[in-house]
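The structure appears below as structure tokens.
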Amino acid sequence: MGKLILASASPRRRELLALTGLPFEVRPGNGEEIIHTDDPAEAVKELSFQKASAACGLASDGDLVIGADTVVALDGTIMGKPKDEEEAFSMLERLQGREHGVYTGVTVIKKGTEECVTFSERTAVHVLPMTSEEIWDYIKTGEPMDKAGAYGIQGRFAVYVERIEGDYQNVVGLPVARLYGVLKKFREEIV
Ligand SMILES: Cc1cn([C@H]2C[C@H](O)[C@@H](COP(=O)(O)OP(=O)(O)OP(=O)(O)O)O2)c(=O)[nH]c1=O
């Protein structure tokens with residue numbers, strides 16, 4: 001009977017996967033992440049596949065390994081995590097007052113077989129106008145630095161989110177309803 005393995009260091013992804021009620025282990029990967037495309041939907045699929053593949057090395061045959069990756073996309077630019085506060089400021093300055101897309105890619109690989117499912121999910125996020133002072137105050141909370149697009153919808157940034165279209169959990173890092181549907185298809189391997 002194979003195990004379910006989450007190839008992620010993100011505590012948020014761990015909490016979201018726990019919502020399925022399925023038992024799983026966490027194995028953060030340390031593989032290199034390389035993107036070969038400008039298309040955010042393809043990029044997150046590729047990155048999630050790299051994370052899942054890297055963690056497969058230590059898995060046993062029959063295990064299901066899950067990798068995920070989240071980016072923010074605006075006007076053809078892909079935003080990952082900011083490297084410093086200045087970059088966080090320039091990302092938030094571009095995001096404020098308009099709509100952007102948050103893409104999470106997920107890959108599930110069944111180790112030792114050809115079975116592999118990869119998908120990406122998009123959620124539209126409408127951000128209210130922010131002054132430069134508000135952006136700097138938000139950066140000082142420390143929330144932006146480990147998050148794609150330099151914000152966390154689940155944290156203090158919530159007051160600037162006018163509305164979203166799509167799956168909220170997808171913005172936080174894991175489209176858990178869609179993933180659960182995929183895992184159900186592998187059911188006999190994980191229960
Ligand atoms: C837009 C947004 C992103 N994020 C997070 C989700 C992801 O954890 C992070 C994007 O970084 P990722 O590279 O997708 O993931 P990670 O490095 O945190 O974890 P791992 O690779 O080990 O799985 O941004 C939020 O928590 N809230 C948000 O509103």
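Start at 1 and go down the list; that is how both ligands and their atoms are numbered.
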**Study point:** Polar atom proximity, A9 to ligand 1 (N or O, under 3.5 Å)
**Key:** yes
Point to revise | Polar atom proximity, V102 to ligand 1 (N or O, under 3.5 Å) | key: no
Practice item. Begin from the C-alpha positions of T123 and D167 and carry the test side-chain hydrogen bond (donor to acceptor under 3.5 Å, both in side chains) through to its verdict. Key: CA-CA 6 Å; T123 303; D167 181 355; 5.9 Å; no
Check your understanding: Quick one: nearest non-hydrogen protein atom to atom 6 (C) of ligand 1, plus distance?
Key ->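 It is V172 O, 3.3 Å.
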Review point. Can you tell me which residue and heavy atom of the protein come closest to atom 3 (C) of ligand 1, and the distance to 0.1 Å?
Key: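 Here the closest protein heavy atom is V171 O, 3.5 Å.
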Name the option, out of [options], that contains the heavy atom nearest to [atom].
| atom | options | answer |
| --- | --- | --- |
| atom 24 (O) of ligand 1 | A148, G155, A158 | A148 |
| atom 18 (O) of ligand 1 | E143, M79, K147, K81 | K81 |
| atom 19 (O) of ligand 1 | K51, Q154, R13 | R13 |
| atom 8 (O) of ligand 1 | Q50, R12, R14 | R12 |

Atoms in ligand 1 flagged as close to [X], the criterion being non-hydrogen separation under 4.0 Å:
| X | value |
| --- | --- |
| I153 | 27 (N), 28 (C), 29 (O) |
| D146 | 9 (C), 24 (O) |
| G152 | 27 (N), 28 (C), 29 (O) |

So that I can tick it off, tell me whether [Y] and [X] are bridged by a salt bridge, with the cut-off set at under 4.0 angstrom between side-chain N and carboxylate O.
| X | Y | result |
| --- | --- | --- |
| D75 | R98 | yes |
| E143 | R156 | no |
| E42 | K45 | yes |

Study note, to complete from the structure: Tested for side-chain contact (heavy atoms from CB on, under 4.5 Å) against V44, the lone hit among V106, T118, D69, T107 is D69
Check your understanding: Should the proximity of Y151 to ligand 1, defined as any heavy atom under 4.0 Å, be assigned to the side chain, the backbone, both, or neither?
Key -> both
Exercise for review: Verify side-chain hydrogen bond (donor to acceptor under 3.5 Å, both in side chains) between R13 and T70, making sure each step is shown before the conclusion.
Suggested key: CA-CA 11 Å; R13 294 209 168 103; T70 302; 2.9 Å; yes
Check your understanding: Is there a donor-acceptor contact under 3.5 Å from the side chain of E87 to the main chain of K83?
Key -> yes
Check your understanding: Short question: side chain of E99, backbone of V127 - any donor-acceptor pair under 3.5 Å?
Key ->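 Looks like no, no N/O pair under 3.5 Å.
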